[in-house]
Amino acid sequence: MTIEIKDSEALEKMRIVGALAARQLEMIEEHIKPGISTGELDRICHAYTINEQDAIPAPLNYRGFPKSICTSVNHVVCHGIPSDDKVLKSGDIVNVDVTLIKDGYHGDTSKTFIVGTAGVLAERLTQVCKESLYLGIQAVKPGAHLGDIGAAIQIYVEKNRFSIVREYCGHGIGTVFHDEPQVLHYGKKGTGPELKSGMTFTIEPMINAGKAAVKLLPDQWTVVTKDHKLTAQWEHTIAVTETGYEILTLRNDDTIPRCA
Ligand code: MF3
Ligand code: CO
Ligand code: CO
């Protein structure tokens, strides 16, 4: 396995597209209210990407995916297909996952939004998922190992009695959408390749309120929890720097906890 090291020119392009992806998630927030359909969210994002950001929505036609974003509601783990028939209601949680291409480079990020007011479990699941992502990110520095990221996420999620989806993982990213390495959200400290300055990849834990098992729906995209319990996901695109990490898709609502 070879993990690409980006030079400063490539990293600058990753920064630009990462920021566009971040701005898009900030933009969509005000639209996420009871009564809106995920199909409408897709149209808003598509128009924004093309007209306001002069970028390309990477999911559209990617391996046959039919829409510009993924919208995964409640028990949908990931790759939910936006639809006019899926109308959000108060108490739902919805992950909006956007990936943009600008100047040949990809920026990939997602967060789970709460629609209206959610129950205690939904609040806690999304919060623990977000915190697990930040803990994974904080394990990133040159000389650390890829397994350190998964270990940090796994320890925290399991301590909170939630389970981690195994079938999907983070990924290297750059001119290729899903590149090497695979970034697992579980694992052992000190295992896997060593991280080096200039590597770029996503970290995108999916965590379940019930069991870890998932299944693929007949549309060949939508992934759901087997027990139909709630699931949440959070994703950033990260660069390894000389001293640690840079979050290329950082938003103004990101609240990175300080390292203990
Ligand atoms: N954005 C997703 C990820 O985080 C991939 C979506 S692929 C699609 O890797 F085809 F479903 F859009
Ligand atoms: Co991704
Ligand atoms: Co994504």
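Read the numbers this way: they start at 1 and go in the same order the structure lists the ligands and their atoms.
- Inter-residue side-chain proximity for Ile203 and Ile238 is flagged as met; some heavy-atom pair is nearer than 4.5 Å.
- Of the polar atoms of Tyr62, none of the N or O atoms is found under 3.5 Å from an N or O of ligand 1, judged by distance alone.
- Tyr168 has its ring centre less than 6.0 Å from the ring centre of His79.
- With the Co ion (ligand 2) as the vertex, atom OE2 of Glu204 and atom OD2 of Asp108 span an angle of 160° (nearest 10 degrees).
- Ligand 1 places these atoms under 4.0 Å from at least one heavy atom of Thr99: 1 (N).
- Looking at His178 next to ligand 1, an N or O pair under 3.5 Å apart turns up.
- Here's the thing with Trp221: none of its N/O atoms is less than 3.5 angstrom from an N/O atom of ligand 1.
- Regarding atom 12 (F) of ligand 1, its nearest protein heavy-atom neighbour is Pro59 CB, 3.0 Å.
- Atoms NE2 and CG, from His171 and Asp179 in turn, are 10.0 Å apart once rounded to the nearest 0.5 Å.
- Seen from the Co ion (ligand 2), atom NE2 of His171 and atom OE2 of Glu235 lie 130° apart in angle, a value rounded to 10°.
- Residues Val224 and Thr222 have side chains in contact (heavy-atom distance under 4.5 Å, counting atoms from C-beta outward).
- For the pair Arg43 and Asp84, the salt-bridge criterion is met [side-chain N within less than 4.0 Å of a carboxylate O].
- Proximity of Cys70 to ligand 1, defined as any heavy-atom pair under 4.0 Å, is confined to the side chain (atoms from C-beta onward).
- In this structure, atom 2 (C) of ligand 1 lies nearest to the protein heavy atom Asp97 OD2, 3.4 Å.
- Salt bridge annotation for Lys111-Asp97: absent, with no cationic side-chain nitrogen under 4.0 angstrom from a carboxylate oxygen.
- Salt-bridge formation is not detected for the pair Glu52/Arg23: no Lys NZ or Arg NE/NH1/NH2 atom is positioned less than 4.0 Å from an Asp or Glu carboxylate oxygen.
- Checked for salt-bridge contact, Lys102 and Asp54 meet the test: a charged N lies under 4.0 Å from a carboxylate O.
- Taking the six-membered ring where the residue is Trp, the centroids of His178 and Tyr62 are separated by under 6.0 Å.
- Heavy atoms of Glu204 come nearer than 4.0 angstrom to ligand 1 in at least one pair.
- Counting heavy atoms closer than 4.0 Å to ligand 1, residue Asp108 contributes side-chain atoms (C-beta onward) but none from N, CA, C or O.
- Contacts between Arg63 and ligand 1, counted as non-hydrogen atom pairs separated by less than 4.0 Å, are absent for every part of the residue.
- Distances from ligand 1 to the non-hydrogen atoms of Lys67 include no value under 4.0 Å.
- More than 12 heavy atoms of other residues, nucleotides or ligands lie within 6.0 Å of CD in Glu40, so this atom counts as buried by the packing criterion.
- At a 4.0 Å cut-off, not a single heavy atom of Tyr168 sits close enough to ligand 1 to count as contact.
- Those atoms of ligand 1 that come under 4.0 Å of a heavy atom in Phe177, given as number and element, are 1 (N), 5 (C).
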